[in-house]
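All values reported here derive from a predicted model rather than from experimental measurement. All chains are named by letter (A, B, ...) in the order of the sequence lines, taking the proteins before the strands, and each is independently numbered beginning at 1.
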Number of protein chains: 2
Amino acid sequence: MISKTCGYAIRGIVFLALEQNKHRKHGILEIAEDLQIPQHFLGKILQDLVRRGIINSIKGPHGGFFVNAKTIDTPLIEVVEAIDGLGIFKKCFLGREECSSTNPCPLHDEFDGCRSAIFKTFENLKIADLVTKIDNGDSYLSLNKEFATEI
Amino acid sequence: MISKTCGYAIRGIVFLALEQNKHRKHGILEIAEDLQIPQHFLGKILQDLVRRGIINSIKGPHGGFFVNAKTIDTPLIEVVEAIDGLGIFKKCFLGREECSSTNPCPLHDEFDGCRSAIFKTFENLKIADLVTKIDNGDSYLSLNKEFATEI
DNA sequence: ATAAAAAAAGAGTCTTTTATCTTTATTTAA
DNA sequence: TTAAATAAAGATAAAAGACTCTTTTTTTAT
Ligand code: FES
Ligand code: FES
């Protein structure tokens, strides 16, 4: 659905916005190791997000990435738009050149509702919502090795 | 969601299984032109489907691709499995290495139901169902230029 | 037998996505 | 004012997906 890159972006932002993280800066190495994302790749993604104003950064010693005033209120769709573009919601499921409700493919009606639901979810969910889930211990940004080993 | 290749596969099979098509053979060139899919690329895809027994083919003059006894009863999930594999339904939305319901990412609960619904739809829908939609004039395998021009 | 038609197979290209490595620019602190 | 830390940028590469071109094999019809 959304690209791996876009998932990295969302996880990176949420990491910065977590309650215990949001008042300090984080170097790219720290974020990448914590989230288990290739460092320089994540670097470029976060740089994009800085340009878009979704997060901030400063260079130099004690520099790093950090949240700004709008970060936690950013709807996920804005991140998706920044990274993947909204075109991902407009592709025909069967690979036709266009998706059209007046000239639909045989899967259009089956899945169009689902696609709209996903789109709306991305519109409604904000970074803050994901942060809450994690602060509550309901979900996790990286795979928890403890869970994997406690067989 | 599913790959472009997989969409091509489904459209190719459905084309062969349409009421007016199902009693004769069709050359790859004819199919590719009709569906507007790159010829040799579609050729390879259909060859895969022949190996899987989903459709049949014979070489030589008057040869081509054609439906067999099981074609119309093939559930779409079987085509998806053949082309993309079922792994596409098991990837974490946020690009973590694994998707886990005991150690979920913050989008897991939001979208897992939707993903299951899509999976079940692919399990339940058969080629015959798509053929019916097209025979009824409810949907189309290729973009209809008439629709595009009749502004 | 031979030629032609068609799928099958092989090999290669182009593009996009994902990832790595290296260099540069900026900032801080000593 | 120099060294170190760090983001930013640039260049390259690896992998996957999508597509093309060429050759081979099989079959049919003459
Ligand atoms: S999804 Fe195929 S036409 Fe809309
Ligand atoms: S979708 Fe992310 S853990 Fe399941």
- [ ] Write down the atom of B:P106, the atom of A:Y140, and the distance for their closest heavy-atom approach.
- [x] CD-O, 3.6 Å
Task: Minimum heavy-atom distance between B:R96 and A:L141, given as atom pair plus value - done: CD-O, 3.2 Å
Quick one: [X] [atom1] to [N] [atom2], roughly how many Å, whole number?
| X | N | atom1 | atom2 | value |
| --- | --- | --- | --- | --- |
| A:R24 | D:dT6 | CZ | C1' | 14 Å |
| A:Q39 | D:dT6 | CD | C1' | 10 Å |
| B:I45 | D:dA18 | CD1 | P | 9 Å |
| A:N56 | D:dT6 | CG | P | 18 Å |

- [ ] Begin from the C-alpha positions of A:V80 and A:F89 and carry the test side chain to side chain contact (heavy atoms under 4.5 Å, CB included) through to its verdict.
- [x] CA-CA 10 Å; A:V80 173; A:F89 297 106; 4.1 Å; yes
Task: Shared hydrophobic cluster for A:L107 and B:I134 (ILVMFWY, side-chain gaps under 4.5 Å) - done: yes
Open item on the list: Test of understanding: clusters of I, L, V, M, F, W, Y form through side-chain heavy atoms closer than 4.5 Å, transitively. Do A:I88 and B:L94 belong to the same one?
Closed with: yes
- [ ] Return yes if a side-chain donor-acceptor contact under 3.5 Å exists between A:T132 and A:D129, otherwise no.
- [x] no
- [ ] Decide whether A:T121 and A:N124 meet the rule of one side-chain donor and one side-chain acceptor closer than 3.5 Å.
- [x] no
Hey, does [X] reach any base, or is it just sugar-phosphate, or nothing, if we go heavy atoms under 4.0 Å?
| X | value |
| --- | --- |
| A:Y8 | sugar-phosphate |
| A:H40 | base |
| B:G64 | sugar-phosphate |

Of all the nucleotides listed ([options]), which has the minimum atom distance to the side chain of [X]?
| X | options | result |
| --- | --- | --- |
| B:F65 | D:dA18, C:dA7, D:dT28 | C:dA7 |
| B:K4 | D:dC19, D:dT28, C:dA8 | D:dC19 |
| A:H62 | C:dA7, C:dA29, D:dA5 | C:dA29 |
| A:F41 | D:dC19, D:dA5, C:dA19 | C:dA19 |
| A:S3 | C:dT27, C:dT18, C:dA7 | C:dT18 |
| A:P38 | C:dT18, D:dA18, C:dA19 | C:dA19 |

TODO: Using a strict cut-off of less than 4.0 Å between a Lys/Arg side-chain nitrogen and an Asp/Glu carboxylate oxygen, indicate whether A:R51 and A:D48 qualify as a salt bridge.
DONE: yes
TODO: In plain terms, say whether B:K133 and A:E110 are close enough for a salt bridge, that is, a side-chain N and a carboxylate O under 4.0 Å apart.
DONE: yes
Task: Contact residues, residues 25-35 of chain B to DNA chain C [heavy atom, < 4.0 Å] - done: B:H26, B:G27, B:I28
Would you say [N] has OP1 or OP2 under 4.0 Å from some side-chain N or O of [X]?
| X | N | value |
| --- | --- | --- |
| B:R51 | C:dA9 | yes |
| A:S57 | D:dT6 | no |
| B:T5 | D:dA18 | yes |

Task: Position toward the 5' end of DNA chain D (nearest nucleotide), A:Q47 or B:D84 - done: A:Q47
- [ ] Specify the angle, to 10°, made by the local axes at the two ends of the helix from C:dA1-D:dT30 to C:dA30-D:dT1 when five pairs are taken at each end.
- [x] 10°
TODO: Taking the six-membered ring for Trp and the single ring otherwise, decide whether the centroids of A:F65 and A:F15 are under 6.0 Å apart.
DONE: no
Open item on the list: Quiz question: going by heavy-atom distance under 3.5 Å, is there a donor-acceptor pair between the base of D:dA8 and the side chain of A:K44?
Closed with: no
